[in-house]
Amino acid sequence: MNINEYFSKLSYKEVMTKINNFDNLKFEDYTDNELLKKIIDIFAVDNKFNNPIYTIEVPTNEYYCRIRKNYDFVEEYLKNKKFDQNCIFGNPNPNIGRMNKQGENGLYLSKKLRTAIKECRVKKNQIFTCGIFKFNEPLNLMLTYVKNKYYELDKKYETTAKLLNDFLYKYLTMENYDNDIQIYRITNLFNQLFLDYLKKDGYLYFSSVDDSYNLFLKENSISKCSLAYIFVGKYVEQNVQIMEFIKIENGNLVPKDVLEKNEILSKLI
């Protein structure tokens with residue numbers, strides 16, 4: 001089913017009613033399965049779940065980044081002579097996140113360094129370590145906004161497409177104030193529906209702090225990426241002061257020259 005066939009079977013008023021009803025639910029009164037059925041119903045055509053969202057392949061020549069606050073990776077390496085990539089890759093005891101369940105690992109990466117700094121809430125003069133990742137093979141990701149295919153979409157369906165876009169965007173960028181676990185319950189159900197059901201590696205979705213976007217890799221796809229570079233920096237007056245910039249080569253830390261550093265960092269601006 002192509003995108004126009006899909007939207008030709010959706011009623012704008014019915015979708016709007018379903019979304020409004022969902023938004024007004026007290027999520028704590030429903031089980032995950034009950035909420036998942038309601039989400040599926042919003043996207044359903046002919047009483048079956050259909051996918052208006054499309055897949056994008058992320059090539060191996062792109063870089064994404066992840067930040068750890070108050071952690072000097074290089075100093076730790078020089079002190080212990082150990083190279084523990086897990087310090088950058090993830091959390092050994094993960095709490096529930098936007099896309100990962102309690103105790104389940106997932107890798108969150110940002111396309112832009114400024115986005116990673118904002119999302120990690122790095123403060124002025126705070127030292128941080130930034131891991132820069134590359135992909136060992138192309139990733140099959142979900143883009144959560146059908147408006148990216150508007151060039152294929154008949155104009156008479158754009159209002160309905162925007163309705164679904166806005167529904168996903170609202171929850172995927174909603175701040176989790178006061179540890180409101182209900183928001184992450186909903187985004188994890190999106191994860192279950194679009195990643196597990198459709199067998200994809202992860203998501204590309206807009207950041208909640210700016211107009212850039214983030215990448216989420218589910219646990220069994222993390223092995224498709226590797227740590228390529230790492231640097232220690234300090235956030236000073238809205239600028240990043242680079243203290244160390246190192247390439248990972250065969251498990252070793254190798255300092256790189258200014259030209260290579262500038263070339264890689266330019267890809268994260």
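Numbering of residues begins at 1 and proceeds along the displayed sequence. Hydrogens, waters and symmetry mates play no part in the numbers below; they use all other heavy atoms, side chains included.
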Stepwise side-chain contact (heavy atoms from CB on, under 4.5 Å) test for N95 and Q102: CA-CA 5 Å; N95 293 320; Q102 183 79 26; 3.5 Å; yes
Full working for ring pair (Phe, Tyr, Trp, His ring centres under 6.0 Å) between F206 and Y213: CA-CA 4 Å; F206 282 113; Y213 57 90; 7.0 Å; no
Derivation and outcome, side chain to side chain donor-acceptor pair (under 3.5 Å), residues E119 and S207: CA-CA 8 Å; E119 293 213 347; S207 167; 2.6 Å; yes
side-chain contact (heavy atoms from CB on, under 4.5 Å) assessment of L168 paired with F43: CA-CA 11 Å; L168 288 169; F43 292 94; 4.0 Å; yes
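A continuous path of hydrophobic side-chain contacts links L189 to L25 [ILVMFWY only; heavy atoms under 4.5 Å]. Residues I117 and I242 share a single hydrophobic cluster, defined by chaining ILVMFWY side chains whose heavy atoms lie under 4.5 Å apart. In the hydrophobic cluster analysis, where Ile, Leu, Val, Met, Phe, Trp and Tyr join through side-chain heavy atoms closer than 4.5 angstrom, Y203 is grouped apart from V209.
Using the six-membered ring where Trp is involved, Y108 and F216 have ring planes that are tilted, between 30° and 60° apart.
Expressed to the nearest 0.5 Å, how far OH of Y63 lies from CG of L109 amounts to 14.0 Å. Note that the CD atom of E260 and the CG atom of L265 stand 10.5 Å from one another [nearest 0.5 Å]. To the nearest 0.5 Å, atom CD1 of residue I248 and atom CG of residue L227 are 5.0 Å apart. Once rounded to the nearest 0.5 Å, the distance linking CG of L141 with NZ of K218 reads 10.5 Å. Atom CG of N188 and atom CZ of F190 lie 10.5 Å apart (nearest 0.5 Å). L164 CG to Y12 OH: the interatomic distance, rounded to the nearest 0.5 Å, is 10.5 Å.
D41 contributes no side-chain N or O that, together with a main-chain N or O of K37, makes up a donor-acceptor pair within less than 3.5 Å. No donor-acceptor pair closer than 3.5 Å links the side chain of D46 to the backbone N or O of K48. With hydrogens and angles disregarded, a donor-acceptor distance shorter than 3.5 Å links the side chain of T173 to the backbone of Y169.
By the 4.5 Å heavy-atom criterion applied to side chains, D201 and V58 are not counted as neighbours. Here the side chains of F22 and L35 are in contact, with some heavy-atom distance below 4.5 Å. Between N4 and L153 there is a side-chain heavy-atom pair separated by less than 4.5 Å. Two residues are said to be in side-chain contact when any heavy atoms from C-beta on lie closer than 4.5 Å; K261 and F231 fail this criterion. Side-chain atoms of L139 and L215, non-hydrogen and from C-beta on, do get closer than 4.5 Å to each other. Here the side chains of M99 and L172 are in contact, with some heavy-atom distance below 4.5 Å. No side-chain heavy atom of Y6 sits under 4.5 Å from any side-chain heavy atom of T160. For the pair N105 and N100, the minimum side-chain heavy-atom distance is 4.5 Å or more.
Closest approach of M16 to L163, counting heavy atoms only: N-CD2, 3.5 Å. Closest non-hydrogen pair, I186 versus Y171, comes out as CG2-CD2, 3.9 Å. Among all heavy-atom pairs drawn from T115 and S110, the shortest one is CG2-OG, 4.1 Å. Across all non-hydrogen atoms, the minimal contact from L217 to C225 is CD1-SG, 4.1 Å. Looking at every heavy atom in both residues, A44 comes nearest to L10 through O-CD2, 3.6 Å. Residues R185 and Q182 share a closest heavy-atom pair of NH1-OE1, 2.8 Å.
Ion pairing of K111 with E62 is present here, as a side-chain N (NZ or NE/NH1/NH2) and a carboxylate O approach within less than 4.0 Å. Salt bridge K118/D211: absent, no basic N to carboxylate O contact under 4.0 Å. K170 and D23 are joined by a salt bridge, as a carboxylate oxygen and a charged side-chain nitrogen come within less than 4.0 angstrom of each other.
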For residues 130-138, dump all side-chain donor-acceptor pairs below 3.5 Å to protein atoms at least two apart in sequence or in another chain.
residue	atom	partner	partner atom	Å
N136	OD1	S226	OG	3.0
N136	ND2	S223	O	3.4

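In the displayed structure, K101 atom NZ is contacted under 6.0 Å by at most 12 heavy atoms of other residues, nucleotides or ligands.
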